[in-house]
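For reference, the structure discussed in these notes is given below.
Chain naming here is simple, since letters A, B, ... match the order of the sequence lines and numbering starts at 1 in each. Computed from a prediction, not measured in an experiment: that's the story for all the values here.
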Amino acid sequence: MRIATWNVNSVRARAERIAAWLERSDIDVAAVQETKCRDDQFPTELFTELGYEVAHHGLSQWNGVAVLSRVGITDVQIGFPGQPGWGDPAAPEARALGATCGGVRVWSLYIPNGREIDDPHYAYKLRWLEALRDYAAGCLATDPAAQMALCGDFNIAPQDDDVWDMAEFEGRTHVTKPERDAFRAVVDAGFAEVVRPFAPGPGVYTYWDYKQLSFPKRKGMRIDFVLASPALAARVSGALIDREERKGKGASDHAPVIVELDRTAQETSDAADAAGATAPPQV
DNA sequence: ATGGTCGGTGGCCGA
């Protein structure tokens with residue numbers, strides 16, 4: 001099974017490009033962020049025609065998260081218990097959607113950007129990550145064997161080589177110690193980042209600003225991740241950051257990230273049965 | 001070429 005995470009920066013602006021990529025890349029489940037539309041504006045039919053079921057949560061032109069799956073979608077959950085709100089009055093934004101697809105609990109997450117260190121949005125970002133950690137840790141406490149993926153745009157570069165030049169980030173968000181500590185707390189709760197071992201840096205990124213020719217100058221950031229529970233991490237056989245998809249006119253400013261999973265022991269057994277390998281002898 | 005962005009929106013904001 002192949003799971004992807006991708007901040008698409010408007011699903012309507014590049015719907016055809018997204019659909020073509022899903023099909024070409026043989027993606028079974030996609031966690032999508034920044035759809036930038038309400039539910040009634042989502043181009044659902046384009047994806048259902050390709051065999052994907054769609055679960056989307058969008059409240060306005062901001063944020064918006066979705067899970068697309070061609071291996072089933074059940075138990076769709078909008079947001080998570082304890083998810084902090086924003087605004088006045090504070091209300092949860094469209095930044096988290098969970099769904100069970102092919103036996104895996106997949107979360108599409110769009111962590112707040114933080115804007116500037118002295119901006120209230122930065123404190124909101126840290127609160128949001130702490131709540132995510134608490135929720136995810138609780139899931140594992142309830143079911144240590146859970147197959148769960150926290151996929152999304154975390155808006156954090158956890159290591160110095162996850163940005164092109166640390167000097168450029170002096171006094172800026174995405175690289176501060178509190179943000180990195182908050183990211184690490186999720187990892188320490190039992191959710192390993194499974195892409196990096198297959199796509200080591202330096203110089204390997206998932207995001208490049210549209211401005212100032214960042215992409216051709218290779219000035220990027222690694223901020224999109226797949227964090228897997230222990231049972232899911234054990235199935236990861238490969239991963240890829242598809243830098244090619246960042247190229248050309250009409251690209252998102254984020255590249256899609258793919259994780260390849262081995263079949264579970266049960267799936268392998270079922271497949272063997274179907275093939276007759278362990279079928280009982282016919283009498 | 002010594003600069004250089006998008007998307008959604010509605011008369012700027014967010015990234």
Side-chain angles (χ1 to χ4, degrees), chain A residues 5-21 31-44 46 56-66 84-88 90-97 108-129 151-158 162-165 168-176 179 182-183 205-225 241-257:
Chain A
T5 187
W6 192 6
N7 180 323
V8 297
N9 186 15
S10 172
V11 70
R12 289 177 292 171
R14 58 191 109 264
E16 295 287 349
R17 187 166 173 151
I18 295 165
W21 182 84
V32 170
Q33 301 86 37
E34 271 209 278
T35 58
K36 287 187 166 177
C37 67
R38 299 184 309 267
D39 291 350
D40 62 286
Q41 298 172 309
F42 193 96
T44 303
L46 180 63
H56 175 254
H57 175 48
L59 298 170
S60 67
Q61 71 270 42
W62 308 122
N63 314 307
V65 283
W86 178 252
D88 187 16
E93 297 180 299
R95 294 182 177 275
L97 183 144
S108 181
L109 303 168
Y110 180 42
I111 280 72
N113 172 286
R115 301 178 186 167
E116 307 292 336
I117 292 172
D118 59 0
D119 191 298
H121 209 260
Y122 177 78
Y124 169 54
K125 178 181 195 174
L126 297 178
R127 282 200 305 278
W128 210 96
L129 283 156
C151 307
D153 176 359
F154 283 75
N155 270 313
I156 295 172
D162 293 334
V163 297
W164 74 95
D165 180 5
E168 299 253 4
F169 283 81
E170 188 73 38
R172 291 172 57 188
T173 61
H174 292 61
V175 300
T176 66
E179 289 167 286
F183 182 87
Y205 309 123
T206 64
Y207 163 83
W208 299 260
D209 200 307
Y210 286 127
K211 291 177 277 196
Q212 297 173 311
L213 297 176
S214 297
F215 183 65
K217 288 182 175 177
R218 299 182 176 270
K219 293 184 172 183
M221 304 168 71
R222 187 198 295 252
I223 56 176
D224 301 270
F225 300 97
I241 298 167
D242 190 357
R243 189 179 182 280
E244 290 300 305
E245 183 56 28
R246 178 61 178 79
K247 296 181 179 177
K249 196 169 170 60
S252 169
D253 43 3
H254 294 252
V257 179

- From the candidates dG7(B), dT5(B), dT9(B), the one with an atom nearest any side-chain atom of Gln61(A) is dT9(B)

- Message: If you assign each of Gln41(A) and His121(A) to its closest nucleotide in DNA chain B, which residue comes earlier from the 5' end?
- Response: Gln41(A)

- In a check of ring pair (Phe, Tyr, Trp, His ring centres under 6.0 Å) between Phe154(A) and each of Trp128(A), Tyr110(A), Phe183(A), which one passes? Phe183(A)

- Message: If I take atom NZ in residue Lys219(A) and atom C1' in nucleotide dG3(B), what distance separates them, rounded to the nearest angstrom?
- Response: 13 Å

- Query: Who pairs with Arg12(A) by side-chain hydrogen bond (donor to acceptor under 3.5 Å, both in side chains), at least two apart in sequence or on another chain?
  - Reply: none

- So which nucleotide from dG8(B), dG14(B), dT9(B) ends up closest to the side chain of Arg115(A)? dG14(B)

- Query: Is the base of dG4(B) touched by the side chain of Lys217(A) through a donor-acceptor pair closer than 3.5 angstrom?
  - Reply: yes

- Item | Separation of atom NE2 in His254(A) from atom C1' in dA15(B), rounded to whole Å | 8 Å

- In terms of the angle between their ring planes, are His56(A) and Phe42(A) parallel, tilted or perpendicular, with boundaries placed at 30° and 60°? tilted

- Out of dG7(B), dA15(B), dT5(B), which nucleotide sits closest to the side chain of Glu34(A)? dA15(B)

- Task: Please state the P separation for the pair dC6(B) and dG10(B) - nearest whole angstrom.
- Result: 22 Å

- Message: Rounded to whole Å, how long is the line connecting atom OH of Tyr210(A) with atom C1' of dG3(B)?
- Response: 20 Å

- To the nearest Å, how far apart are Arg17(A) CZ and dG7(B) C1'? 15 Å

- Message: Let me spell it out: for each of Tyr207(A) and Arg38(A), pick the nucleotide of DNA chain B with the closest heavy atom. Which residue's pick is nearer the 5' end?
- Response: Arg38(A)

- Message: Counting the atoms with a prime plus P, OP1 and OP2 as sugar-phosphate, which does Phe215(A) contact under 4.0 Å by heavy atoms, base, sugar-phosphate, or nothing?
- Response: nothing

- Query: Using the P atom in both, what is the distance from dG7(B) to dG3(B), to the nearest Å?
  - Reply: 25 Å

- Of the options Ile223(A), Asn7(A), Asp253(A), Asp162(A), which is the one that meets Thr206(A) in a side-chain contact (heavy atoms from CB on, under 4.5 Å)? Ile223(A)

- For atom CZ of Arg12(A) and atom P of dG7(B), their distance in whole Å: 12 Å

- Item | Nearest-angstrom distance from the residue atom CD of Glu116(A) to C1' of dG14(B) | 12 Å

- Item | Distance, rounded to the nearest Å, where Trp208(A) contributes CH2 and dC6(B) contributes P | 16 Å

- Message: Please report the distance separating the C1' of dT9(B) from the corresponding atom of dC13(B), rounded so that it comes out in whole Å.
- Response: 9 Å

- Nearest-Å distance, CG (Asn7(A)) to C1' (dG14(B))? 12 Å

- Message: Would you say that His174(A) contacts Lys125(A) through its side chain, given a criterion of any heavy-atom pair below 4.5 Å between the two side chains?
- Response: yes

